[in-house]
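Bear in mind the structure is a predicted one, so any value in this text is a computation, not a measurement.
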Amino acid sequence: MIMQMNQQFDLAFNFLQNTGTHLFLTGKAGTGKTTFLKKLKEVSPKRMIVVAPTGVAAINAGGVTIHSFFQLPFGPYIPSANKEGNQSNNYANKFSRDKINIIRSMDLLVIDEVSMVRADLLDAISDVLCRYKDRTKPFGGVQLLLIGDLQQLAPVAKDDEWNLLKAHYPSTFFFDSKALSESNYYCIELIQVYRQNDSSFINLLNNIRENRFDDDTLHCLNQRYIPDFKPDDRQGYITLTTHNYQAQQLNNRKLAELPGKSYTFQAEINNDFPEYSYPTDQHLELKNGAQVMFVKNDSSGEHRYYNGKIGKIVFINPNKITVVGEDGNEIQVEKETWSNVKYTINPETKEITETIAGTFSQYPLKTAWAITIHKSQGLTFDHAIIDASAAFSHGQVYVALSRCKTLEGLVLSSPITRNAMIKDLRIQEFSSSVATKQPQKEQLELAQQQYFLELAIELFNFESIQQRLQYAAYMVYTHLQKLYPELNTQYANTRDAFRSVITEVGGRFQQQLIRMVTGNPNYREDEAIQERIRKGVAYFIDHIDSLCTSLEENSAVEIDNKESRKAVNNAISKFTEELHQKQEILKACQNGFSVVCYLTAKAKASIEPPASTKKRSERSSSQPAKVTVSSDILHPDLYNSIRNWRYELATEKGLPPYTILQQKALLGIVNTLPTSSRELLAIPGIGKKVIENYGGVLLELVEKYKNK
């Protein structure tokens, strides 16, 4: 289906491309929400992940399920019980490095079919994002696109689950999520209906949707009740039921009634494709004359069939299936392949890429005398028999009715009563507020300007790095002040200089940008703003380099105590990692600032740990090469010589290096150059046993160094 862009489409695209504001994209059935998502994936420069609540919905949206991507267990999520430091084991996720990189570099999270997402699940998503992104913002500062129709199927919560959740949430619906309630978001409703062309039928559906179910609507709808209706098989009627067992029984009975031989076709499943995401039967049993539904759009590009098209098998053997559609055209059906998408980081471009984790190959057919209303969401039918007498949840009747193209193509197997029109008051309250959340052009322009300013300010914000440096200085003071006094002094001096030369100056830059951008309609083209940013970038690149380069070089010190080593290395690694990320982003903005340039640089920087961090994490497991040592070490060549001797002997004996010679003893030898056992014994950390075992070797190493 080719769809022209309309005003709502344009507005939604602009919000998602040029702002960081969350968006709830809604609309009646058939208004093109899926088409919008497909187009967005094709053109958006933002790093985007698409998820959905169910396997089938995820496959249809070209994404993955929420639970699999965020590695969340099924069951209720209690926000107050799952904050950092008070997390249940069920939510202590162990993400791979690749998954962490994807989350850290994500700009936009798309959640399709959000009407089925529970509020607690949305809060679980927020907590995961906060853990790896910005802890101070809901959803870690990631922009959300929520797509769905609240008049369609609602989230499911069993009684025992709701008993746990009701103390925390007014309802199970996504908009009652605590994280979303703390966020600013707009709603855009797609208006133009593409599925139905019949204005009277569209009005009838609108009345049901908007809870205006008056006597006229009820009377008009029940005109389609035809008792004991026996459809002509050539017309391709499909029955929509409320429960799965009803659909299964009808399909099994109708297939068994057909004469002739049945054929079973086995799906070919490769690698990772979970059973709950199977788009059709793994063991697909069909017969000549069976009514079937296509469950995939034609991948050949010839548009012979689409997901939801009804037809009848007119020829079948083990190698060939021919289906005639309602239009009378014959279709030679070939096997189709569905992909289970996973997201990875491209090691060369550093872009988020979709990779195929597994595939499912099968004929794109299902027996289709009946299907559940739940599984019909997103499909379109020319002819349908609706059995909604046992409707049990909000939105079921509306979903069933809105699957049909025309009122004439719809038949009710039982009259629709007011009791079947289940409406949730919380949905009605929220739906009535959607209109007040629709943005105008002025709000779009303001949001774009705010986003530009927010990112420009972020470029010159060094507060987080200052805190990392302050903590690293504290750890060095706590654990190393006696062992490496000069390094301790260097950290303290750098901390103070960084605050005055970098952090405080960055704050003044931010204030200047606020004054220059605010109220300036030409902020994106204003050369004065770009020149100010370029000069600021040059200043900070230069001063960070002069302040921090030697600090990093001198931080590569040996620490015997395991706990001290872990604490110091962890603090220094976090500081250097964040510092290097900022340096890479600054370098990317040397020639000017734009939203796309900044987001791209930030994403790439967030997934490449600095080389110094890699070295620090590898140091404990690799043989020590010659390193740049602390300025506390007066004779670096001797230091490396004794250090290597200690390592080789420790490896030979299978012992930790410090059991051979403590680090403070190594430093004492290097800085005092002892010439006798008496002088060795005076060094802290050296006792009679060390002199007895290694005294001669150590004195020989010192003498050899002095002779050089």
Side-chain angles (χ1 to χ4, degrees), residues 1 3 5-17 19-44 46-67 69-70 106-119 121-122 125-126 129 139 142-155 173-177 179-180 183 185-195 209 307 341 354 374 376-380 395 398-399 402 427 430-431 433-434 437-439:
M1 177 175 62
M3 184 175 300
M5 297 291 280
N6 57 41
Q7 185 180 351
Q8 288 79 27
F9 267 51
D10 289 341
L11 187 59
F13 263 96
N14 275 319
F15 258 98
L16 296 168
Q17 301 287 70
T19 84
T21 308
H22 302 320
L23 191 64
F24 171 43
L25 184 72
T26 187
K28 307 174 181 69
T31 50
K33 297 183 291 294
T34 302
T35 303
F36 177 88
L37 174 56
K38 182 180 178 182
K39 185 70 175 176
L40 181 71
K41 289 177 70 177
E42 289 174 359
V43 304
S44 178
K46 291 190 175 180
R47 299 166 72 92
M48 179 191 320
I49 297 296
V50 180
V51 296
T54 67
V56 174
I59 294 295
N60 288 341
V64 296
T65 65
I66 292 170
H67 287 88
F69 183 82
F70 291 102
M106 189 192 311
D107 298 317
L108 175 64
L109 175 66
V110 180
I111 304 180
D112 198 22
E113 299 290 6
V114 74
S115 70
M116 294 190 283
V117 175
R118 277 197 336 217
L121 182 56
L122 205 55
I125 292 170
S126 177
L129 292 174
F139 303 102
V142 173
Q143 185 181 23
L144 297 185
L145 169 60
L146 309 173
I147 302 177
D149 180 4
L150 287 172
Q151 302 306 330
Q152 297 193 32
L153 299 178
F173 295 108
F174 78 90
F175 51 77
D176 279 324
S177 137
L180 193 63
S183 306
Y185 67 96
Y186 286 114
C187 302
I188 293 180
E189 183 173 4
L190 301 179
I191 303 298
Q192 186 172 347
V193 177
Y194 295 91
R195 181 175 294 150
R209 174 189 177 83
N307 189 10
V341 172
E354 294 181 358
H374 188 274
S376 75
Q377 184 156 321
L379 303 180
T380 304
Y398 174 73
V399 169
S402 60
I427 287 285
F430 180 78
S431 296
S433 71
V434 165
K437 289 180 174 286
Q438 297 240 23

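In this structure, the separation between CZ on F70 and CG on L121 is 9.0 Å, given to the nearest 0.5 Å. Remark: I111 CD1 to M116 CE distance equals 12.5 Å, nearest 0.5 Å. Taken from CE in M48 to CG in L145, the straight-line distance is 8.0 Å, to the nearest 0.5 Å. Annotation: the span from I125 atom CD1 to H67 atom NE2 amounts to 8.5 Å, rounded to 0.5 Å. Note: I66 CD1 to D112 CG = 9.5 Å, rounded to the nearest 0.5 Å. Atom NZ of K437 sits about 13.5 Å away from atom OG1 of T26, to the nearest 0.5 Å.
Residues satisfying the side chain to side chain contact (heavy atoms under 4.5 Å, CB included) criterion with K38, sequence neighbours excluded, are E42. In terms of the side chain to side chain donor-acceptor pair (under 3.5 Å) criterion, Q8 has no residue partners (sequence neighbours excluded). Residues forming a side chain to side chain donor-acceptor pair (under 3.5 Å) with Q17 (at least two apart in sequence, or on another chain): S44. For S126, the side chain to side chain donor-acceptor pair (under 3.5 Å) test picks out no residue, with sequence neighbours left out. With sequence neighbours excluded, the residues forming a ring-ring contact (aromatic ring centres under 6.0 Å, His included) with Y186 are F15, listed by chain and number. Applying the ring-ring contact (aromatic ring centres under 6.0 Å, His included) rule to F175 yields the partners F173, F430; only residues at least two apart in sequence or on another chain are considered.
The main-chain N or O of Y185 is never found under 3.5 Å from a side-chain atom of S183 such that the two would form a donor-acceptor pair. Between the side chain of K33 and the main chain of L25, no donor-acceptor pair closer than 3.5 Å is present.
Closest of all the heavy-atom pairs between V51 and F69 is CG1-CB, 4.1 Å. In plain terms, the two heavy atoms of F174 and V114 that are nearest each other are CD2-O, 3.6 Å. Across all their heavy atoms, T19 and K46 have their closest contact at O-NZ, 2.6 Å.
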Note to self: Go through it in stages, so that I can follow the logic: the residues are K39 and F9, the test is side-chain contact (heavy atoms from CB on, under 4.5 Å), and I'd like the CA-CA distance, side-chain angles, deciding distance and then a yes or no.
What the structure shows: CA-CA 10 Å; K39 185 70 175 176; F9 267 51; over 6 Å; no

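Checked against I147 for a side chain to side chain contact (heavy atoms under 4.5 Å, CB included), the options L190, L37, L40 give a single hit: L37.
Using a 4.5 Å heavy-atom cutoff, the side chains of S115 and D149 are not in contact. Inter-residue side-chain proximity for L16 and Q143 is flagged as met; some heavy-atom pair is nearer than 4.5 Å. Side-chain contact check for L129 versus M106: some heavy-atom pair is nearer than 4.5 Å. F139 places a side-chain heavy atom less than 4.5 Å from the side chain of H22.
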